[in-house]
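Worksheet: one structure, shown below.
Here is the naming used below: chain letters follow the sequence lines, and residue numbers restart at 1 for every chain. Just so you know, these numbers use all the heavy atoms, side chains as well, and skip hydrogens, waters and symmetry mates.
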Protein chains: 2
Amino acid sequence: MRQVHHPEVGEISLTVVMGALSDPIRVGLVRVLADGRERGWGELRAPVAKSTLSHHLRVLRDAGLTRTRQEGTRCFVTLRVHDLRERFPGLLRAVLTAADEQDVGLQVSVQESPRAAVS
Amino acid sequence: MRQVHHPEVGEISLTVVMGALSDPIRVGLVRVLADGRERGWGELRAPVAKSTLSHHLRVLRDAGLTRTRQEGTRCFVTLRVHDLRERFPGLLRAVLTAADEQDVGLQVSVQESPRAAVS
DNA sequence: TAGCTTGTTCGACGTTTCACGAACATCGAA
DNA sequence: TTCGATGTTCGTGAAACGTCGAACAAGCTA
């Protein structure tokens, strides 16, 4: 569809990342991707219109939290676990732990599909 | 002036905290308070109008990041280091480290004053 | 009491964010 | 080539945010 931009590791900004994580749906997406496995866009389930979901995924991507790969007409998303660890040691773990305790982002899930995300 | 509200430790919300940390000035304030010492409101220096500074300090307070104590006509602010560690283990350190590396919030400083913040 | 200091609140302004449905672009399949 | 599936983009509101100056409230100090 288009060639999206992903910031370099060194360009990932703290405040932008914090802003990206200030929305429950986006935290939910991060949780769902936290195991590092690649997920198909279409597998992601959130209680919002698809244009809104596209918006949230864009915010995460622009912030440098996720990476989007295109394959034909569909997209696959991954959390940039390695990059995040490098840029913000300890942050991801802290956020995931807190999100877990506070049940943030439970509205988001993945509809596991047979031929999706070949890990 | 008024009786401000501070959330309990258990009420501090991840997404609200992340939102509070998504502004450079607020991150700067957190940095300046990071040593745990109490600071006088008037000591805080930031390149914004005092009403704006008041707003930022309120956001931090409402999010549960800081505590404000009043003494006569002046206020003293502290970072809730202990509470934050309890609620979000590892988060504060990660944020401070990243802020340090990225020079976030350098616009904020403290004008050390003689009789201020008796640690 | 009058006045000063300190910080909050208010109202206004422009920007950004989140949400939606509709339209669009692209690719694979029929 | 036509059709369907998949996401993005656009246009539009409503709400939230960051900022300011002005007005205010509360407590010292003279």
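Listed nucleotides: C:dT5, C:dG7, C:dC18. Nearest to the side chain of B:Thr73: C:dT5. Taking the side chain of B:Ser51 as heavy atoms from C-beta on, and the options D:dG21, C:dG21, D:dG27, the nearest nucleotide is D:dG21. For A:Arg74, counting side-chain heavy atoms from C-beta on, the closest listed nucleotide (D:dG7, D:dC20, C:dC18) is D:dG7. Residue B:His55 has its side chain nearest to D:dG18 when only C:dT8, C:dC20, D:dG18 are considered. Of the candidates C:dC18, D:dT8, C:dT9, D:dT8 carries the atom nearest the A:Arg61 side chain, counting heavy atoms from C-beta on. Closest to the B:Trp41 side chain, of the nucleotides D:dG18, D:dG27, C:dT8, is C:dT8.
Atom pair A:Leu60:CG and D:dT8:P shows a separation of 12 Å (rounding to whole Å applied). The nearest whole Å value for the distance from the CD atom in B:Gln111 to the P atom in C:dT6 is 13 Å. A straight line from CZ of B:Arg26 to C1' of D:dA16 spans 12 Å, rounded to a whole angstrom. Separating the CG atom of B:Leu53 from the P atom of D:dG21 is a distance of 14 Å, rounded to the nearest angstrom. Distance, A:Asp62 CG to D:dT9 C1': 14 Å, rounded to whole Å. Distance B:Met18 CE to D:dC17 P: 16 Å, rounded to the nearest Å. Across the protein-nucleic acid pair, A:Glu71 atom CD and D:dT6 atom P stand 14 Å apart, rounded to whole Å. B:Leu57 has its CG atom 16 Å from the C1' atom of D:dC17, to the nearest Å.
More than 12 heavy atoms of other residues, nucleotides or ligands sit less than 6.0 Å from atom CZ of A:Arg69.
Of the two residues contacting DNA chain D, namely A:Gly42 and B:Lys50, the nearest-nucleotide position lying further toward the 5' end is that of A:Gly42.
Within the nucleic acid shown, B:Val59 has no heavy atom closer than 4.0 Å to any nucleic acid atom.
OP1 or OP2 of D:dT19 has not a single side-chain nitrogen or oxygen of B:Thr52 nearer than 4.0 Å. Considering only side-chain N and O atoms, B:Arg58 lies nowhere under 4.0 angstrom from the phosphate OP1 or OP2 of C:dG7. OP1 or OP2 of C:dT17 has not a single side-chain nitrogen or oxygen of A:His56 nearer than 4.0 Å.
Of the possible polar contacts, one joining the A:Arg87 side chain to the A:Val9 backbone as a donor-acceptor pair under 3.5 Å is found.
A:Arg26 and A:His56 share a donor-acceptor pair across their side chains, judged by distance under 3.5 Å alone.
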B:Glu43 vs B:Arg45, salt bridge (charged side-chain N to carboxylate O under 4.0 Å, His left out): CA-CA, chis, key distance, verdict: CA-CA 6 Å; B:Glu43 290 181 281; B:Arg45 294 282 170 270; over 6 Å; no

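The residues A:Arg39 and A:Glu112 are annotated as salt-bridged, a charged nitrogen and a carboxylate oxygen being separated by less than 4.0 angstrom.
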